[in-house]
Protein chains: 2
Amino acid sequence: MNGGAIKRSLENVGLRCTAQRYAVMAFLTDHKGHPTAAEIFAAVNHVDPLSSRATTYNNLRDLVKAGLVREVAVEGRAGRFDLRGLRHHHFICDRCGSVEDMEWYDVPRPRSGFLGKRVVRECQIVFRGLCTKCAPRRTSR
Amino acid sequence: MNGGAIKRSLENVGLRCTAQRYAVMAFLTDHKGHPTAAEIFAAVNHVDPLSSRATTYNNLRDLVKAGLVREVAVEGRAGRFDLRGLRHHHFICDRCGSVEDMEWYDVPRPRSGFLGKRVVRECQIVFRGLCTKCAPRRTSR
DNA sequence: AGCGTCTTTAGAGTATATCTAATTTGATAT
DNA sequence: ATATCAAATTAGATATACTCTAAAGACGCT
């Protein structure tokens, strides 16, 4: 995603293209490894203080709400973020908490009638287990 | 799950049946609403202080590791727990964070070959959206 | 330029979870 | 029964992750 594309995608969802928001989007564009909010906060301020902690968290929340960014919750650890560009599922490592992308495929919908008044926004598959790095040494925690 | 069954299931996975563990399992048996660790801690100590915070958290972690209990991570909120008795998927409400059970159905596996050295322990579908209570009033946040 | 709104800020505050080191408990062997 | 020792528990401090507050600043519109 280049500069103009980031600006346009922000404006498409009704968010101003501020330096702070731009930096978050740019960082996620360049770093596909599902960073945590703390990592994004640190990276954005690495060179020169640009964005306070509150702003980073607020912007991540706004971007998630707007549908540009996805958050993956990980048990007992900080949530991780990625761009919602290409559809994909996630693999979460039990041992190190890292999140990896899995190729997308369609998920069967629940029986209609089950949902009732619920409004489904999205549907995700999460695989759990040991990642490529952790699988060899199966030591427990 | 009655008393004996709880004791047996603990012993099956190599955990002693202590009063504190028993209380956690019994609470989860009686309360299907996916309580948080804090709620379980409070409930177990409601009548008569029985279990410290650390023990409650340790036991929940041990029970998850042993496969008796499942944790559902929720973005920006406390994780929620349930018994791994019947297989089911989960619905998480964007607005109130509550977790509801969805009927189980099989999930297609990823293309073999994709996984590489990864070891998959489980695979879960998570639906997100607005629950029955929150759907009517669609106020933001 | 003036106006109203959206955005950002620093730092305190809250919620959640883990750690520490001493003590107690419970299963097993004697 | 009792001794033994690893497993389990404890209170409370500490760490981590996130949110709130009130004031100031920036943006887009006229």
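The chains referred to below are lettered A, B, ... by the order of the sequence lines, with proteins before strands, and numbering in each begins at 1. Note: hydrogens, waters and symmetry copies are ignored here, and every other heavy atom, side chains too, is used.
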Any salt bridge between E71(B) and R61(B), counting N to O under 4.0 Å?
->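 Here E71(B) does not pair with R61(B) in a salt bridge, since their nearest N and O are not under 4.0 Å apart.
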Does NZ or CZ of R128(B) fall inside the cone over F91(B)'s six-membered ring, less than 6.0 Å from its centre and within 45° of the axis?
->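 That pair does not qualify as a cation-pi contact.
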Identify all pairs in which a protein N or O lies below 3.5 Å from an N or O of nucleotides 2-9 of chain D, and state each distance.
unit_1, atom_1, unit_2, atom_2, d
dA7(D), O4', R16(B), NH2, 3.1
dA8(D), OP1, R21(B), NH1, 2.9
dA8(D), OP1, R21(B), NH2, 3.2
dA8(D), O5', R21(B), NH2, 3.4
dT9(D), OP1, T18(B), OG1, 2.5
dT9(D), OP1, Q20(B), OE1, 3.1
dT9(D), OP2, N59(B), OD1, 3.0
dT9(D), OP2, N59(B), ND2, 3.4
dT9(D), O3', Q20(B), NE2, 3.1

Whole angstrom is fine here: how far is it from [atom1] in [X] over to [atom2] in [N]?
X      : N       : atom1 : atom2 : value
N45(B) : dA11(D) : CG    : C1'   : 12 Å
L10(A) : dT7(C)  : CG    : P     : 10 Å
I40(B) : dA17(C) : CD1   : C1'   : 14 Å
F41(A) : dA10(C) : CZ    : C1'   : 10 Å
R53(A) : dT14(C) : CZ    : P     : 16 Å
R61(A) : dC6(C)  : CZ    : C1'   : 14 Å
F81(A) : dA17(D) : CZ    : C1'   : 11 Å
R77(A) : dC18(D) : CZ    : P     : 13 Å

Side-chain ([X]) to main-chain ([Y]) donor-acceptor, under 3.5 angstrom:
X      : Y      : value
T55(B) : S51(B) : no
D82(B) : K32(B) : no
R80(A) : H34(A) : yes

For L130(B) and R118(A), what are the C-alpha separation, side-chain angles and deciding distance, and is it a side-chain contact (heavy atoms from CB on, under 4.5 Å)?
-> CA-CA 6 Å; L130(B) 296 171; R118(A) 292 182 190 83; over 6 Å; no
Establish, with yes or no, whether the OP1 or OP2 oxygen of dT18(C) is under 4.0 angstrom from a side-chain nitrogen or oxygen of Y57(B).
->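 No.
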Check the angle between the aromatic planes of H90(A) and H88(A) and answer parallel, tilted or perpendicular using the 30° and 60° thresholds.
->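 H90(A) vs H88(A) ring planes: perpendicular.
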Which of parallel (below 30°), tilted (30 to 60°) and perpendicular (above 60°) describes H89(A) and F127(A)?
->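 Because their plane-to-plane angle is over 60°, the rings of H89(A) and F127(A) count as perpendicular.
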List, one per line, each side-chain donor-acceptor pair under 3.5 Å for residues 10-19 of chain A, sequence neighbours excluded.
unit_1, atom_1, unit_2, atom_2, d
E11(A), OE2, K7(A), NZ, 3.0
N12(A), ND2, R8(A), O, 3.4
T18(A), OG1, R21(A), N, 3.1

Which residue lies toward the 5' end of DNA chain C, E11(B) or P49(A), if each is placed at its nearest nucleotide?
->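 Its nearest nucleotide being more 5', the pick is P49(A).
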Quantified as the angle between the terminal helix axes (five pairs each), what is the overall bend of the helix from dA1(C)-dT30(D) to dT30(C)-dA1(D) to 10 degrees?
->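 Computed angle between terminal axes is 40°.
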Using a 4.0 Å heavy-atom cut-off across all strands, classify A54(A) as base, sugar-phosphate, or nothing.
->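 Base, at least one base heavy atom under 4.0 Å.
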